[in-house]
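What follows is one structure encoded as structure tokens, with my remarks underneath.
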2 protein chains.
Amino acid sequence: MSTRRMTIGRLAKSAGANLETVRYYERIGLMPAPPRTDGGHRSYLFEHLQRLRFIRRSRELGFGLDAIRRLIALSEPGVQACCEVRDMAREHVASIDARIADLQRLRGVLQKAAADCRNPETSRCPVIEALGG
Amino acid sequence: MSTRRMTIGRLAKSAGANLETVRYYERIGLMPAPPRTDGGHRSYLFEHLQRLRFIRRSRELGFGLDAIRRLIALSEPGVQACCEVRDMAREHVASIDARIADLQRLRGVLQKAAADCRNPETSRCPVIEALGG
DNA sequence: GCTACAACCCGTAGCCGCTACAGGATCAAG
DNA sequence: CTTGATCCTGTAGCGGCTACGGGTTGTAGC
């Protein structure tokens, strides 16, 4: 079943990834090395596409490549590791929260400094002042 | 006035930066090359510290090194460029807003998937499912 | 003055996650 | 059989540092 083959270009496109990214994933062992044609071109199956989509989706959600490696291992059939996966997701949510808080703080500082610029009485640039210049 | 000299170590510490980062900034032309002692050690003045603090603060606020280069040029005395600086700050606020929105979206997806884990009826791990595995 | 040891010097390589070449070989359509 | 798109490998670059290694200098105590 589903013995249709795809070139790396098609695979990449179907998963919304860059072709060289796919080769990169193979090099670092995130994607398995696919079979080749006689001429040496990579020849992918549907399972490769699933894997690549999984990786891309995880990346889009902000997981690092090492975390994705773990997620892949945990998603193997037969591995009962839902709790671990959930914990990883929760940790990740926490780190996202921290980054959001950080960005909101920055935003506040910058916004305030830029807003002061409306005031024509200020002689020195308030943004530069906020930066310590 | 203020002819006190500092070593690179002191400078770095005073600005909360890493020593090698200071050398890196010098290499890429973000910090000026300071005078040297007879033995060849860098010898910094207070103005260097001001500059380094400006850079670090800008970095903390999320500006890239190229943007900081422009900010430094615009903060030179005699340059009346408050509007440009303000525009840079505003652009930066906009990009921060975009990143925050992005992170909040991710957070939503992850949070929802992780929350579904409480439900013991689900056979497949909902987080893995959300990732497309 | 001499010794110890911290602090400095320079250059290079590594980190993450790609991306972009160069210089070829192969594949599919006409 | 030719064209042109796609593929191959290998290497180098991005931003913004950080970490080494192997050497030199600065400084405090004796």
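Please read all numbers here as calculations on a predicted model, not as lab measurements. To find a chain, count down the sequence lines: A is the first, B the second, and so on, and within it residues start at 1.
Between B:Pro34 and B:Ser43, the shortest heavy-atom contact is CB-O, 3.8 Å. The heavy-atom pair separating B:Gly9 from B:Leu19 by the smallest distance is CA-CD1, 4.0 Å. Nearest heavy-atom pair across A:Arg56 and A:Ala15 is CG-O, 3.9 Å.
Counting non-hydrogen atoms under 4.0 angstrom, B:Ile28 reaches nothing in the nucleic acid.
Side-chain contact between A:Met88 and A:Leu74 is present, with at least one heavy-atom pair separated by less than 4.5 Å.
Using a 4.0 Å cut-off between a side-chain N of Lys or Arg and a carboxylate O of Asp or Glu, A:Glu26 and A:Arg42 qualify as a salt bridge. Using a cutoff of 4.0 Å between basic side-chain nitrogens and carboxylate oxygens, A:Arg105 and A:Asp102 are scored as salt-bridged.
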With sugar-phosphate taken as primed atoms, P, OP1 and OP2 and all else as base, the protein-contact string of nucleotides 13-30 of chain C at under 4.0 Å (heavy atoms; B, S, -) is ----BBBBB----SS---
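Bounding nucleotides for the chain A contact on DNA chain D, 5' to 3', at a heavy-atom distance below 4.0 Å, are D:dC7 to D:dT9.
Residue pairs meeting the ring pair (Phe, Tyr, Trp, His ring centres under 6.0 Å) criterion with at least one member in residues 88-107 of chain B, sequence neighbours excluded, are B:Phe63-B:His92.
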Using the rule given for side-chain contact (heavy atoms from CB on, under 4.5 Å), can you reason through A:Leu52 versus A:Tyr44, listing the C-alpha separation, both sets of side-chain angles and the distance that settles it, and then say yes or no?
CA-CA 11 Å; A:Leu52 183 55; A:Tyr44 292 97; over 6 Å; no
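Between B:Glu26 atom CD and C:dC10 atom C1' the separation is 12 Å, expressed in whole Å.
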